[in-house]
Amino acid sequence: MTNTIPDGYMPQTCETLPYYLSDKLPQGLILGGQPETWTVTEVGDGNLNLVFIVSGSERTIIVKQALPYVRAAGESWKLSINRAFFEYNVLLQEYKYAGHALVPEVYFYDPLMAIFAMEYLASHIILRKKLIAGEKQPRLEQEIGSFLAKTLFHTSDIGMDAAEKKALTASFANNHELCKITEDLIFTEPYFDAPRNNWTSPQLDEDVHAIWQDVDVIHIAMKYKYKFMTEAQALLHGDLHSGSIMVSTTDSKVIDPEFGFMGPMAFDIGNYIGNLYMAYFAQAGLQPDIRCRQDYQAWLLEQIEQTWSVFEQEFRQLWNTKLQGEAYPHTLYQRHDSGLLQRAQDDFFKTLLEDTLVNAGLEMNRRIIGFAGVADFKTIADADLRAQCERSALKMARELIVNASVHTNFSQLKLYASMC
Ligand code: SR1
Ligand code: MG
């Protein structure tokens, strides 16, 4: 697979897309009516791609196209259009293991146009919007905890046949351009005066300059960058934040896995948890009613604890009943009493929790200091108030990064968050 733009590639518009699709839609995917009567709206508000909603008289679909550059930065920041291939293929894998309850269906992928089509989620909105509005989402911890357990277990050497796991690793190895974005934006740039950094200035200038001098934090950030680059533990979503989850009143679906590759499990879990912590700290600038705020913040801290707990329980269950996977082989453990397996699992989750907390803290730092901020904070129009919220989040992030090994569960962290 090359990273050049194929001859014939062109960014679609609302006008061209129906003609392109009329030729490309798989048989059986019938939108209804003539292409010229279809309604097309471009709704992409993420950092990278074009996203179209296309409706005929019978059916609506989503069409996503990768541009040869980073949309949020402009044409000078070039980026391979192959990311559409990786996003499509991660969605297929996630669908295979987590099922339609948690992942939208995909319909086709076209390498020439770097386009794929997927299910339109008619009654869903982006979770981040709900968190900003202070609305609770029923069963969120069940769904995201379960998504993490299923996708990470089944694509790891614990749950997957070794040859299959190595083939899966090879098939995502070429997503290196998106990995490089993460390596730069999360692990490196927040820790020096990188030109792309973008924080609430001048309010946070001193805080940010202090982080650039904080060798304990930098030491750990570099260690976890290396882990991110070298630990091919499982197929990651790669960008699992509240903007990559769509929710209806009754369910959640995970979208946008274009950063997917075989990496450390703690990266996905930590990313998600870091974003819940940011939602928590943004509340002080979003919800003026103190009782409503405290109630919602308590719900967010519960979400963090329960998501981990659901994840750990389900992952242990899958592990207890596994029959394949060369790591911790069933053939060996069945010769011992269950204490030995439990010992292996306790050890595994202790390390994973520590790594998860560090990754959560690193995600928070980068969203406050680096190129890609989050709407939770950006929505707070008053810069002084926003900086106060972000300062509290930076304090929490430091605790998560530097004292990760001290926290063997989330109870002390709940207290710490309330004191930041
Ligand atoms: C240039 S892309 C910036 C960020 O947007 C994506 O959603 C990822 O989080 C990435 O780091
Ligand atoms: Mg995204």
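Predicted model only: the values in this text are computed from it and were never measured. We use all heavy atoms of the structure for the numbers below, so side chains are in, but hydrogens, waters and symmetry mates are not.
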Is it the case that the side chain of N271 and the backbone of G238 share a donor-acceptor pair, with hydrogens and angles ignored and the cut-off at 3.5 Å?
no
Just how far is it from atom OG1 of T307 to atom CD of Q303, taken to the nearest 0.5 Å?
5.0 Å
For the CD atom on Q324, are there more than 12 heavy atoms of other groups (residues, nucleotides or ligands in this structure) within a distance under 6.0 Å?
yes
Side chains of Y328 and D157: is there a donor and an acceptor less than 3.5 Å apart?
no
Show your working on side-chain contact (heavy atoms from CB on, under 4.5 Å) between R316 and Q313 and close with a plain yes or no.
CA-CA 5 Å; R316 275 185 196 258; Q313 265 179 42; 5.9 Å; no
Pair K64 + D256, salt bridge at N-O below 4.0 Å
yes
Going by atom type alone, with no hydrogens or angles, which donor-acceptor pairs under 3.5 Å involve a side-chain atom of residues 88-101 and a protein atom two or more places apart or on another chain?
| residue | atom | partner | partner atom | Å |
| --- | --- | --- | --- | --- |
| N89 | ND2 | F85 | O | 2.8 |
| H100 | NE2 | E119 | OE1 | 2.8 |
| H100 | NE2 | E119 | OE2 | 3.1 |

Can you confirm whether Q342 is buried at CD, in the sense that more than 12 heavy atoms of other residues, nucleotides or ligands lie under 6.0 Å from that atom?
no
Give a yes or no on whether the backbone of S55 and the side-chain of T60 come within a donor-acceptor separation of less than 3.5 Å.
no
If you count the non-hydrogen atoms of other residues, nucleotides and ligands that lie under 6.0 Å from NZ in K136, is the total more than 12?
yes
Please report the interatomic distance CD(E143) to OG1(T250), rounded to the nearest 0.5 Å.
8.0 Å
Less than 4.5 Å apart, any side-chain heavy atom of S156 and any of M265?
yes
Under 3.5 Å, is there a donor-acceptor pair between the K414 and S418 side chains?
no
Kindly indicate, with the supporting measurements, whether the criterion salt bridge (Lys or Arg N to Asp or Glu O under 4.0 Å) is fulfilled by D382 and R386.
CA-CA 6 Å; D382 177 337; R386 186 189 333 129; over 6 Å; no
Just by modelled atom types, is the S411 backbone N or O under 3.5 Å from a matching donor or acceptor in the N409 side chain?
yes
Can you check salt bridge (Lys or Arg N to Asp or Glu O under 4.0 Å) on R83 and E177, steps first, answer last?
CA-CA 9 Å; R83 62 185 186 274; E177 281 192 49; over 6 Å; no
How close do M222 and T188 get, counting heavy atoms only, and between which atoms?
CE-CA, 4.4 Å
So which atom in V63 and which in I61 form the shortest heavy-atom distance, rounded to 0.1 Å?
CG2-CD1, 3.9 Å
Show the numbers, then the answer: is there a side chain to side chain donor-acceptor pair (under 3.5 Å) between Q12 and Q65?
CA-CA 8 Å; Q12 295 294 319; Q65 183 177 34; 5.1 Å; no
Under a 4.0 Å N-O cut-off, is there an ion pair linking E354 with K350?
no
I would like to know whether D207 and H209 meet side chain to side chain donor-acceptor pair (under 3.5 Å); could you show each step before the answer?
CA-CA 6 Å; D207 307 74; H209 295 161; over 6 Å; no
Mind listing the closest non-hydrogen atom pair of P26 and Y107 along with its distance?
CG-O, 3.9 Å
Indicate every side-chain donor-acceptor pair of residues 357-381 with a distance under 3.5 Å to a residue at least two apart or in another chain.
| residue | atom | partner | partner atom | Å |
| --- | --- | --- | --- | --- |
| N359 | ND2 | D355 | O | 2.9 |
| E363 | OE1 | R366 | NE | 3.0 |
| E363 | OE1 | R366 | NH2 | 3.4 |
| E363 | OE2 | N275 | ND2 | 2.9 |
| E363 | OE2 | R367 | NE | 2.8 |
| E363 | OE2 | R367 | NH2 | 3.4 |
| N365 | ND2 | Y191 | OH | 2.9 |
| R367 | NH1 | A372 | O | 3.3 |
| D376 | OD1 | R128 | NH1 | 2.7 |
| T379 | OG1 | A375 | O | 2.4 |

CG on L148 to OG1 on T356, rounded to 0.5 Å
9.0 Å
Mind checking whether I273 and F410 have side chains closer than 4.5 Å, heavy atoms only?
yes
F108 and Y20 aromatic ring geometry - parallel, tilted or perpendicular at 30°/60° bounds
tilted
Please report the shortest heavy-atom distance between L301 and A417, naming the atom on each side.
CD2-CB, 4.1 Å
Is it the case that H237 and D239 place a side-chain donor and acceptor less than 3.5 Å from each other?
no
Proximity of F187 and Y226 rings by center, below 6.0 Å
no
For I211 and L394, which heavy atoms make the closest approach, and how far apart are they?
CD1-CD2, 4.0 Å
Working for side-chain contact (heavy atoms from CB on, under 4.5 Å), residues Q137 and S252:
CA-CA 9 Å; Q137 174 66 18; S252 315; 4.2 Å; yes
Side chains of D384 and Q203 only: does a donor on one sit below 3.5 Å from an acceptor on the other?
yes
Using a 4.5 Å cut-off on heavy atoms from C-beta on, say whether the side chain of I269 contacts that of L152.
yes
Audit row: M10, M113, side-chain contact (heavy atoms from CB on, under 4.5 Å) steps and yes/no
CA-CA 7 Å; M10 59 168 216; M113 287 295 170; 4.1 Å; yes
Centre of Y224's six-membered ring, under 6.0 Å away, within 45 degrees of the axis: is that where NZ or CZ of K227 sits?
yes
Between R196 and E189, does any side-chain N to carboxylate O distance fall below 4.0 Å?
yes
Go through the steps for K225 and E183 under the test salt bridge (Lys or Arg N to Asp or Glu O under 4.0 Å), then give the verdict.
CA-CA 6 Å; K225 177 177 183 176; E183 289 151 21; 5.8 Å; no
Between S146 and E314, do the side chains contain an N or O donor and an N or O acceptor separated by less than 3.5 Å?
yes
Side-chain heavy atoms of L121 within contact of I255, under 4.5 Å:
yes
When you measure from the side chain of E231 to the backbone of Q233, do you find a donor-acceptor pair of N or O atoms at a distance under 3.5 Å?
no
Any side-chain heavy atom of Y19 sitting closer than 4.5 Å to one from E36?
yes
Using distance alone, with no hydrogens and no angle criterion, decide if S248 and S123 have a side-chain donor and acceptor under 3.5 Å apart.
no
Salt bridge or not between D295 and R293? Use side-chain N to carboxylate O under 4.0 Å.
no
Donor-acceptor contact present, side-chain K130 to main-chain A133, <3.5 Å:
no
Taking the inter-plane angle between the rings of W212 and W199 on a 0 to 90° scale, is it parallel (under 30°), tilted (30 to 60°) or perpendicular (over 60°)?
perpendicular
Nearest heavy-atom pair of A84 and I115: which atoms, and what distance?
CB-N, 4.4 Å
A side-chain contact here means heavy atoms from C-beta on lying under 4.5 Å apart; do L67 and L79 qualify?
no
Aromatic rings F311 and W308: how do their planes relate, parallel, tilted or perpendicular, breaks at 30° and 60°?
tilted
Can any side-chain N or O of T151 pair as donor or acceptor with the backbone N or O of F147 at less than 3.5 Å?
yes
